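Since the structure is predicted, the reported quantities are computational estimates derived from the model, not experimental observations. Throughout, protein chains are lettered first and strands after them, A, B, ... in sequence-line order, and every chain is numbered starting at 1.
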Protein chains: 2
Amino acid sequence: MMILEGKKMGIQFAVLDPDPQAPAVSLGDTHVMGDYHNREKIRELADISDVLTYEFEHIDGAFLKDLEEEGMVIYPSSRSLLIIQDKFRQNRYLKEKGLHLPRFLKVDSLQDLKEAGEKLGYPMMLKATTGGYDGKGNALILDPDGREGAFFDLKGEKDTLELMAEEYIQYHKEISVIAARGDGGAIALYPPSENQHEDSILKRTVVPADVSSEVQAKAEALAKDTIEVLEGMGVFTIEMFVTLEGEVLINEIAPRVHNSGHYTIEASETSQFEQHLRAILALPLGDTSLKRPYAGMINLLGRGKKNGSPEVLGVQEVLETKGAHLHFYEKKAVKFGRKMGHITVTGDSREAVNNSLDDLEGQVLIVPDQAHE
Amino acid sequence: MMILEGKKMGIQFAVLDPDPQAPAVSLGDTHVMGDYHNREKIRELADISDVLTYEFEHIDGAFLKDLEEEGMVIYPSSRSLLIIQDKFRQNRYLKEKGLHLPRFLKVDSLQDLKEAGEKLGYPMMLKATTGGYDGKGNALILDPDGREGAFFDLKGEKDTLELMAEEYIQYHKEISVIAARGDGGAIALYPPSENQHEDSILKRTVVPADVSSEVQAKAEALAKDTIEVLEGMGVFTIEMFVTLEGEVLINEIAPRVHNSGHYTIEASETSQFEQHLRAILALPLGDTSLKRPYAGMINLLGRGKKNGSPEVLGVQEVLETKGAHLHFYEKKAVKFGRKMGHITVTGDSREAVNNSLDDLEGQVLIVPDQAHE
């Protein structure tokens, strides 16, 4: 999606990907074939690029730092990345800077976890400090009996994995703010969007979030402060909890464009992808306002029990729906629960957008192609 | 631009182009290297494609007809193309069907041209019946003295080129309607846009055209009738004259997406490129309404006296302008007068759009890169 947006402006892309069939590879100008962790290949990519960026944060931050020291331009910087990659370090840093986030404690042992439960109460979240993604690496502990199972489930085979406990927020809403920081520290914020998850995977985003103007202002201030203290360059996404009392707390930070910002392709004056490119290329940031009063998005996850090449059911229905836009990512294999595409809907009211998304949710499915089973 | 739009929906593209560096080649999934007129290569392309389409009408219509007879799916059809490729044949056909167009006469000799002048009056247009493009192949004859020069200028070295004379319309406005015709004969029309040309090349488009509702209705009816009588499939563009008396006459027909529809990428619910893909893939046609009340576009032509790799001046200015979007086509060489990119602006009033375009027109230039001269 970033290449599709950048190509409009004639930007050239070299792509590091182990898979020659990856969607980005066919769109890019140059393919560097290699694993995301292969230092030699990362260097090869850096050598042919003016600016290096990434859309996946679980990469070799220390090596990016080496490359920066050699003079390569990398955004987000290794400094931002190294903080975000370790959730405990990140939270400690943000807390020092005075930002609002749930209470948290390092957990190195079952004894630590017991003490955390006493301090944070139940339910309580247990989180791996590194490598989390779409709810992976997180466990909800409902009561003291659940401590031991969660601890060993997360530790798994990797005994070196570090854990932290986090206060469980009886939240009212989950929202996110897409923030961009560019040349000279200029910041542009998209309006807060409201997110619904299912099995820890984003299911629906509607924008603007249905929150009071006070909450909106708090969310925007928190996003701005977060990207500033992290010295972020490019697009960062700050996921937040809004409590019943109207408090706004940081939940997660992604140093990249985000699924909850996919709606921006059709609905915003500047998409999050173009915005990221503007930011890292030291170009002026774009207008983040909506073209229509409301927009929403649902993810299309792979369905069905078998794997196989994907078939999209319900294409007619989505293309017939006013204001609806179908995105299909051209991944070669559908797997159960894998993000295969999304639908964006724009409209004049929140209700109209939600109604269209409700209608389409049951009708548009990505399944393994029956003919190729 | 068509590939960028189609890739959002996961459509795969094979591209026939003689130039491995052509912008479409790096975006497409498969490149068939060959001249647009190479029958073997066209067949190779057809063999690997579900549907064949083209964005340039000066191709081998007779061969497309052969391929259709072998069962290949080609839109627009050879029938539509063969009519449009010969302007005299096209005009005679449209006239038979009762559509409004300027008076015209076949011109095989200077004597014919003299007689045409007596019938059509002066000024008068002389046109090559085939191969015209951006004003090439057209000559304006101001008075009887200009006849001979224009005749030999157009005939040039190709004595076989056929000519026709056309009544010169003292027109008030030039407008165009982008029309799509798809599965089951469904038709969708974009609002008429108003076009300004300079040296016969489109300079600015503003939409909706500043015409009365009667003129708009006439233009829409004429576009609908035209695509229907031509049995068009896909997007067709009907350029029209609006006379001072409010008459609407066909000027040119392009069996394809059109420069005057580039604004649709940002400004319309469905871009002309997505619309063409929907039409030729027998998918439902999309909503053609504008996301903002007004939109406009200016072309960025190559400037400067030398050829060379292009450099875009004024990027900052356009990216700082609210509602403005820069497109740069990544052509490898800038030539004087070549279309190198465009700028689209959306806004809440015609005046605001025109003012932004006025400002940007002088500031954004594509010139040969000084460093690489």
**OP:** Report yes if some heavy atom in the side chain of B:V235 is under 4.5 Å from a heavy atom in the side chain of B:R256; otherwise report no.
**Re:** no
**OP:** Give the C-alpha distance, both sets of side-chain angles, the deciding distance and a yes or no for salt bridge (charged side-chain N to carboxylate O under 4.0 Å, His left out) between B:K291 and A:E266.
**Re:** CA-CA 10 Å; B:K291 290 180 178 176; A:E266 287 90 7; over 6 Å; no
Original post:
Side chain, backbone, both or neither: which part of A:L281 has a heavy atom under 4.5 Å from chain B?
Top reply: neither
Subject >> Shortest non-hydrogen contact from B:R292 toward A:S289 >> reply: NH2-OG, 4.2 Å
Original post:
Under a 4.5 Å heavy-atom cutoff, which of A:K7, A:E5, A:E320 has the most pairs with chain B?
Top reply: A:K7
Original post:
Going by atom types only, do B:Y263 and B:H342 share a side-chain donor-acceptor pair under 3.5 Å?
Top reply: no
Subject >> chain A contact via B:I11 - which portion, at a heavy-atom distance below 4.5 Å >> reply: backbone
Original post:
How long is the span from the CD1 atom in B:I178 to the OG1 atom in B:T237, to the nearest 0.5 Å?
Top reply: 3.5 Å
Subject >> Under 4.5 Å from a heavy atom of chain A, the part of B:I343 involved >> reply: neither
**OP:** Heavy atoms only, distances under 4.5 angstrom: which of A:H325, A:K331, A:Q12, A:R278 has the most pairs with chain B? Name it, please.
**Re:** A:R278
Original post:
For chain A, which residues from residues 19-33 of chain B have at least one heavy atom closer than 4.5 Å to it?
Top reply: B:S26, B:L27, B:G28, B:D29
**OP:** Step by step, work out the salt bridge (charged side-chain N to carboxylate O under 4.0 Å, His left out) result for B:E274 and B:K8.
**Re:** CA-CA 9 Å; B:E274 180 179 333; B:K8 292 180 188 168; over 6 Å; no
**OP:** To the nearest 0.5 angstrom, please state how far the CZ atom of B:F273 sits from the NE2 atom of B:H262.
**Re:** 5.0 Å
**OP:** Answer whether the closest heavy-atom distance between the side chains of B:L301 and B:M340 falls below 4.5 Å.
**Re:** no
Original post:
Just one of B:I366, B:L300, B:V367 clears the side-chain contact (heavy atoms from CB on, under 4.5 Å) bar with B:P310, so which one?
Top reply: B:I366
Subject >> chain B contact via A:L285 - which portion, at a heavy-atom distance below 4.5 Å >> reply: backbone
Original post:
Picking from A:H327, A:K322, A:E269, which has the most non-hydrogen pairs under 4.5 angstrom with chain B?
Top reply: A:E269
Original post:
Do you know which of B:I3, B:T346, B:L4 has the most heavy-atom pairs with chain A at a distance under 4.5 angstrom?
Top reply: B:L4
**OP:** With a 4.5 Å cut-off on heavy-atom pairs, point out which of B:D287, B:I265, B:T270 contacts chain A the most.
**Re:** B:D287
Original post:
How long is the gap from CG on A:L202 to CD1 on A:I298, to the nearest 0.5 Å?
Top reply: 11.0 Å
Original post:
Is it the side chain or the backbone of A:T321 that comes within 4.5 Å of chain B heavy atoms, both, or neither?
Top reply: neither
**OP:** Kindly determine whether A:E361 and A:R204 satisfy side-chain contact (heavy atoms from CB on, under 4.5 Å), including the steps that lead there.
**Re:** CA-CA 10 Å; A:E361 206 153 42; A:R204 181 178 297 197; 3.0 Å; yes
